[in-house]
Protein chains: 2
Amino acid sequence: MEFQQAKEKFIQTWGTLGSNWGINKTMAQIHALLLISPKPLSTEEVMEDLMISRGNANMNIRALIDWGIVFKEFIPGERKEYFTAEKDIWELSKHIIEQRKKRELDPMMRSLSQIGKLEGGKPDEVQEFEKIMSELNVFSTKAESMLNKIISANKNWFFNFLLKLFK
Amino acid sequence: MEFQQAKEKFIQTWGTLGSNWGINKTMAQIHALLLISPKPLSTEEVMEDLMISRGNANMNIRALIDWGIVFKEFIPGERKEYFTAEKDIWELSKHIIEQRKKRELDPMMRSLSQIGKLEGGKPDEVQEFEKIMSELNVFSTKAESMLNKIISANKNWFFNFLLKLFK
DNA sequence: TTGAATTTTCAGGAAACTATGAAATAAAAA
DNA sequence: TTTTTATTTCATAGTTTCCTGAAAATTCAA
């Protein structure tokens, strides 16, 4: 397969994956582009390669930096800013899990935990509601503990994960 | 807190969670409604409770059934169809992981695996590309095996998971 | 300072996604 | 059958999300 063709396919695929999981397509594509680039790229280069506007490129690069998976790189003698992606896939997945948990799961759990003792409502409805809420609580506690173990580890997370389980 | 208020909050929250993760809001809300309902609900009841149209309710209930997390229920003497949600949170998460993997991750991996030996392109670019692709491959293989172990288990998945690891 | 290069912002337009409701179809009862 | 009730479909409308491009702000060197 032609290199250029493979590159486009990868960027395209990564973009689709992202948008299926609530991450905007362009953001995922920029990330893919930086991921496979052996050298840092400037905003200009990203714009040109993906054929997107300056505003779009800038906003999404910024968002990727906020997520902690893309970094600014200063090139001596150059005035422009250059960007690289986190290349270590394990670090990458760790950051993504961490961020999504912090931004979405945690606020949701906090919001749900505000629901206290219920007043009114038909007895069977209240009972069912309380049962489901309590199950969700158990579930999320276990899932969270597992996620925390995974993300607090590094490349060898799998071993560390097991280690931590038994200590 | 008032029951009705808590119920609305839960449905609202579940909907937001869904849309953050690429699942349409109404679909998630219908699911939430069925989840906390002690008895099966008809399309009419869903429409009324969430204030949505017949078409919308029908399409999304159908989608939930396709996902395997909502079931038709026949009530003797009733002509209408009634629906219940999978109430076991562990089963639920298993189904969701399974389906998303099948529908999105698997096709993506299949698509990427079509990329074979590369022709053309600058040497350093080709090298970087191949390095990242190979890392992604290792990652996805490990992640997949873990997911498979989790979803093939049941309520006691955590225990089974460990068991399977060591045999 | 001044001014050129670069980055950021954001109003308005475009695109993608979702919902509506009425008509068509199907299924059960009369 | 025919009638009644329930379900599905789908063109259109509505909503949300995203992108553009130009103007404003910032940065840095002269």
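As a basis for the values below, the full set of heavy atoms in this structure was taken, side chains included, without hydrogen atoms, waters or symmetry mates. Sequence lines set the chain letters: A, B, ... in the order given, protein chains first and strands last, and positions in each chain run from 1.
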Pick out the pairs of N or O atoms, protein on one side and nucleotides 9-16 of chain D on the other, that lie under 3.5 Å.
none

Length of the line joining Glu44(B):CD and dT5(D):P, which is rounded to integer Å | 12 Å

Using a cut-off of strictly less than 4.0 Å between a heavy atom of the residue and any atom of DNA chain C, enumerate the qualifying residues of residues 26-34 of chain A by number.
-> none

Who pairs with Pro107(A) by side chain to side chain contact (heavy atoms under 4.5 Å, CB included), at least two apart in sequence or on another chain?
-> Arg110(A)

Between Arg54(B) and Glu44(B), is there a salt bridge with N-O shorter than 4.0 Å?
-> yes

Taking only residues two or more places apart in sequence or in another chain, which ones pass side chain to side chain contact (heavy atoms under 4.5 Å, CB included) with Glu8(A)?
-> Gln4(A)

Side chain to side chain contact (heavy atoms under 4.5 Å, CB included) involving Ala63(A) - partner list, sequence neighbours excluded = Met27(A)

Starting at atom CD1 of Ile61(B), determine the distance to atom P of dT8(D), rounded to an integer number of angstrom.
-> 9 Å

Partners passing salt bridge (Lys or Arg N to Asp or Glu O under 4.0 Å) against Lys7(A) (at least two apart in sequence or in another chain) | Asp49(A)

Rounding to a whole Å, what distance do you find between Asn24(A):CG and dA15(C):P?
-> 16 Å

Provide, to the nearest angstrom, the distance between the CD1 atom belonging to Ile52(A) and the P atom belonging to dA15(C).
-> 16 Å

Mind checking what makes ring pair (Phe, Tyr, Trp, His ring centres under 6.0 Å) contact with Tyr82(B), not counting sequence neighbours?
-> none

Nearest-Å distance, CD1 (Ile23(B)) to C1' (dT18(C))?
-> 15 Å

The side chain to side chain contact (heavy atoms under 4.5 Å, CB included) partners of Gln127(A) (sequence neighbours excluded) come to none

Considering residues at least two apart in sequence or located in another chain, which fulfil the side chain to side chain donor-acceptor pair (under 3.5 Å) criterion with Glu86(A)?
-> none

Not counting sequence neighbours, which residues clear salt bridge (Lys or Arg N to Asp or Glu O under 4.0 Å) with Lys80(B)? List them please.
-> none

Just the atom pairs and distances: protein N or O near nucleotides 28-30 of chain D's N or O, under 3.5 Å.
unit_1	atom_1	unit_2	atom_2	d
dC28(D)	O2	Arg79(A)	NH2	3.4

Can you tell me the distance, in whole Å, between the CZ atom of Phe74(B) and the P atom of dA28(C)?
-> 8 Å

Who pairs with Glu104(B) by salt bridge (Lys or Arg N to Asp or Glu O under 4.0 Å), at least two apart in sequence or on another chain?
-> Arg100(B)

5' precedence on DNA chain C between Lys72(A) and Lys25(A) (nearest-nucleotide basis) = Lys72(A)

Is Glu91(B) reaching over with its side chain to a backbone N or O of Asp88(B), donor-acceptor style, under 3.5 angstrom?
-> no

Could you check how far CE of Met47(A) sits from C1' of dT20(D), rounded to whole Å?
-> 10 Å

dT8(D) P sits how many Å from Asp66(B) CG, rounded?
-> 11 Å

